[in-house]
Every structure is written in C-alpha cells, then in structure tokens.
Amino acid sequence: MTVEPEAPAIVVLGSINMDLVTTTARRPVPGETVLGSGFAMVPGGKGANQAIAAQRAGGAVRFLGAVGDDVFAAQLRGALTDAAVSADRLRTVAGPSGIATIVVDDSGENSIIVVGGANTRMTELTEDDLAAIAAADILLCQLEIPVETVSAAARHAHAHDTTVLLNPSPAGPLPACLWADIDVAVVNSGEAQQLGAVLDAVAHLVVTRGASGADYRGPDGARLSRPSPRVGVVDTTGAGDAFTGALAAVWHRGPEWALTWACAAGALATTRLGASSSIPAREEITAALVAE
Ligand code: RIB
C-alpha cells in the first residue's frame with residue numbers, strides 16, 4: 001500500500017487579476033491594427049494562478065492578496081474558492097481590481113500588460129497573515145505586489161522555518177537582503193539572465209526553459225534537467241504559474257520528482273486557452289507522466 005504524504009500547507013502571497021484575453025492570428029507591430037478572432041475574460045494573476053495550481057496539484061493552499069470593489073471582484077474571489085483555495089485572507093480594497101490585457105497569437109505566444117489596481121495596495125501584512133505564514137510549510141511569492149510586502153513575508157517565513165519559494169516575475173530591481181530569505185527561486189531563462197549573479201546566493205535554483213523543460217541547481221552543486229512532455233500548444237499564458245504551483249505542491253518529495261511533476265503541469269497548461277482555466281488537476285498530471 002502506498003501512503004500519500006499529507007498535503008503541504010502552502011501560503012501564496014501575490015496578485016489576482018482579471019485577464020482580458022484577445023486571440024489573433026498574429027500580434028500587431030507598433031502602429032498597426034489587426035483583426036482578432038476571439039475574446040474571453042479569465043481570472044488570472046501570477047499569485048492566484050500559482051495558488052490554484054498548487055491546490056490542484058495536491059497542496060492545501062491559502063491565498064493572501066487583494067481585489068477591488070468593482071464588477072470583477074466576485075468572479076476573482078470565486079475562481080479561488082471554486083478551486084478549493086482558502087480565500088479568507090483575500091481583502092477587498094476601494095478601487096479597481098488588477099487587470100491584465102493579454103494578446104495570444106496562433107503560435108500560442110502572448111504579450112501581457114498588467115495594471116496592478118488592488119494588488120498595489122497589498123502593502124501590509126496583518127497578525128493573521130503573519131500567523132498563517134509562520135504555520136505554513138511553504139510560502140510562495142511573485143512580484144506583482146509591492147516588493148516590500150514580499151520581503152517582509154519572506155523574512156517572517158525564514159524566521160519561522162517556513163520554506164520560501166520566490167518566482168521573481170516580472171523581474172525587476174530587488175532589495176539585496178531579500179535573497180538571504182529565499183530557499184528556492186523559480187525563474188525562466190530570460191529572468192535568469194536579467195537577475196544574473198544574485199541567483200548564486202539561492203540554495204535551490206530552478207530555471208524553466210519552455211518546451212525544452214527545466215534545470216535545477218542544488219546547494220551542494222547538484223544539477224539535474226528534466227524534459228517537458230510534447231504537447232499541442234494553444235496558449236502559453238500561465239504555463240510558468242502552473243509549473244511553479246505544482247513544484248511547490250510536491251517540493252517535499254525532492255527536486256527530481258518536483259521538476260518532473262512541474263514540467264508535466266506546465267506543458268498541460270499550454271494545451272488550453274487562458275491562465276487559471278488551463279491549470280491541470282493532479283490526476284491529469286499523473287496520467288501525463290504515466291503516458292510518457
Ligand atoms: O503569468 C500569467 C499571468 O500574468 C496572467 O494571468 C496575468 O494576469 C499576469 O499576471
């Protein structure tokens with residue numbers, strides 16, 4: 001009999017956006033107008049996507065973030081609760097929710113502009129937020145909320161032996177002291193280049209390489225690479241989030257298992273349109289790995 005380990009308690013601190021997704025044969029160059037082929041509104045945001053991905057992949061996830069008091073708020077909250085992510089720490093602030101304008105072309109590649117809205121108001125952590133972080137196995141963060149909040153959360157997590165996973169996306173200037181509190185960094189190859197030597201300070205580094213899979217470098221210099229399963233790509237939006245959330249959910253099983261599992265989750269997410277709408281369930285990930 002195989003005994004499944006208990007679901008890891010994961011706190012995701014991050015953004016939640018309404019994605020306004022337009023599909024088109026090809027993305028316009030500056031100054032050009034092209035005709036689109038479709039439009040959809042899909043809940044997204046790197047934080048919410050990763051929270052849903054971690055929950056679907058087997059974690060027990062609580063989300064810390066903010067929505068506005070606009071027409072999108074209820075749907076955004078519903079996207080978390082429908083996925084069984086705990087949203088009791090999701091606040092409502094005055095003003096608009098986060099919005100992402102996304103254009104996806106026929107090759108599945110995208111361009112994204114995020115207007116932070118309520119996410120920019122995630123400037124404080126309450127006593128309850130800090131208690132949730134201290135009690136969790138993993139804190140998972142990205143950079144679509146103020147970096148000061150991410151730094152404070154990481155410091156608190158580190159002081160309470162909660163493993164800190166950072167997906168520094170979108171990549172930007174970060175306080176040097178933040179890196180001392182990060183146990184695992186998950187970056188794509190562009191972010192790895194942009195961030196450069198600061199990543200050397202991180203114990204566990206995971207670099208995603210799209211359809212080519214992912215690489216890992218451990219604290220003892222151990223290295224491994226995992227390929228990505230071959231799939232028909234519809235939309236790459238949220239694939240990195242599916243990867244990162246799945247990685248967090250199985251990190252306790254070790255990097256080899258975690259990379260394999262996360263590569264399958266990321267690949268499956270590219271086979272459907274949208275971000276949160278494309279994130280695979282645990283059973284799908286398992287089936288994809290068995291079929292390999
Ligand atoms: O990583 C994909 C996400 O980036 C989208 O859901 C969008 O909201 C932006 O945050």
Side-chain angles (χ1 to χ4, degrees), residues 12-23 27 39-57 63-68 70 72-73 75-80 82-83 85 90 96-105 108-122 140-147 149-150 165-172 185-191 194 206 208-210 214 233-248 262 265-280:
V12 178
L13 168 67
S15 60
I16 181 162
N17 300 328
M18 183 55 83
D19 292 352
L20 310 179
V21 186
T22 299
T23 49
R27 286 170 288 160
F39 175 78
M41 294 198 297
V42 186
K46 294 187 194 304
N49 295 338
Q50 292 181 20
I52 292 170
Q55 180 78 34
R56 287 199 181 144
F63 182 72
L64 308 184
V67 291
D70 57 4
F72 297 133
Q75 201 181 335
L76 294 177
R77 184 179 290 273
L80 293 172
D82 287 354
V85 171
L90 179 71
S97 298
I99 291 291
T101 302
I102 303 182
V103 181
V104 181
D105 67 23
E109 289 300 329
N110 61 51
S111 305
I112 304 180
I113 300 174
V114 175
V115 179
N119 299 302
T120 65
R121 309 272 301 278
M122 271 303 289
L140 172 57
C141 305
Q142 321 71 34
L143 297 178
E144 286 186 336
I145 63 165
V147 69
T149 313
V150 173
L165 240 125
L166 176 68
N167 170 219
S169 181
V186 183
V187 294
N188 62 30
S189 35
E191 290 156 355
Q194 214 175 321
V206 176
T208 60
R209 304 200 181 281
V233 176
V234 172
D235 176 10
T236 57
T237 312
D241 298 332
F243 178 101
T244 305
L247 187 90
L268 287 167
T270 68
T271 63
R272 294 183 279 253
L273 186 73
S276 65
S277 50
S278 69
I279 291 166

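Read the numbers this way: they start at 1 and go in the same order the structure lists the ligands and their atoms. Start at 1 with the first residue, then count along the sequence. All values below come from the heavy atoms of this structure, side chains included, with hydrogens, waters and symmetry mates left out. Owing to the predicted nature of the structure, the values given are computational and were not obtained by experimental measurement.
For ligand 1, the protein residues placed under 4.0 Å by at least one non-hydrogen atom are Asn17, Asp19, Gly44, Gly45, Lys46, Asn49, Ala100, Val114, Glu144, Gly238, Asp241, Ala275.
Residues satisfying the salt bridge (Lys or Arg N to Asp or Glu O under 4.0 Å) criterion with Asp70, sequence neighbours excluded, are absent altogether. When the side-chain hydrogen bond (donor to acceptor under 3.5 Å, both in side chains) test is applied to Asn167, the partners found at least two apart in sequence or on another chain are Gln50. For Gln55, there are no side-chain hydrogen bond (donor to acceptor under 3.5 Å, both in side chains) partners two or more places apart in sequence or in a different chain.
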> Taking it one step at a time, do Thr237 and Asp235 satisfy side-chain hydrogen bond (donor to acceptor under 3.5 Å, both in side chains)?
Replying inline: CA-CA 6 Å; Thr237 312; Asp235 176 10; 2.6 Å; yes
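Taking both residues in full, the closest heavy atoms of Leu13 and Ile145 are given as CG-CD1, 3.6 Å, listed atom of the first, atom of the second, then distance. When all heavy atoms of Ala171 and Glu191 are compared, the pair lying nearest together is CB-CG, 3.9 Å.
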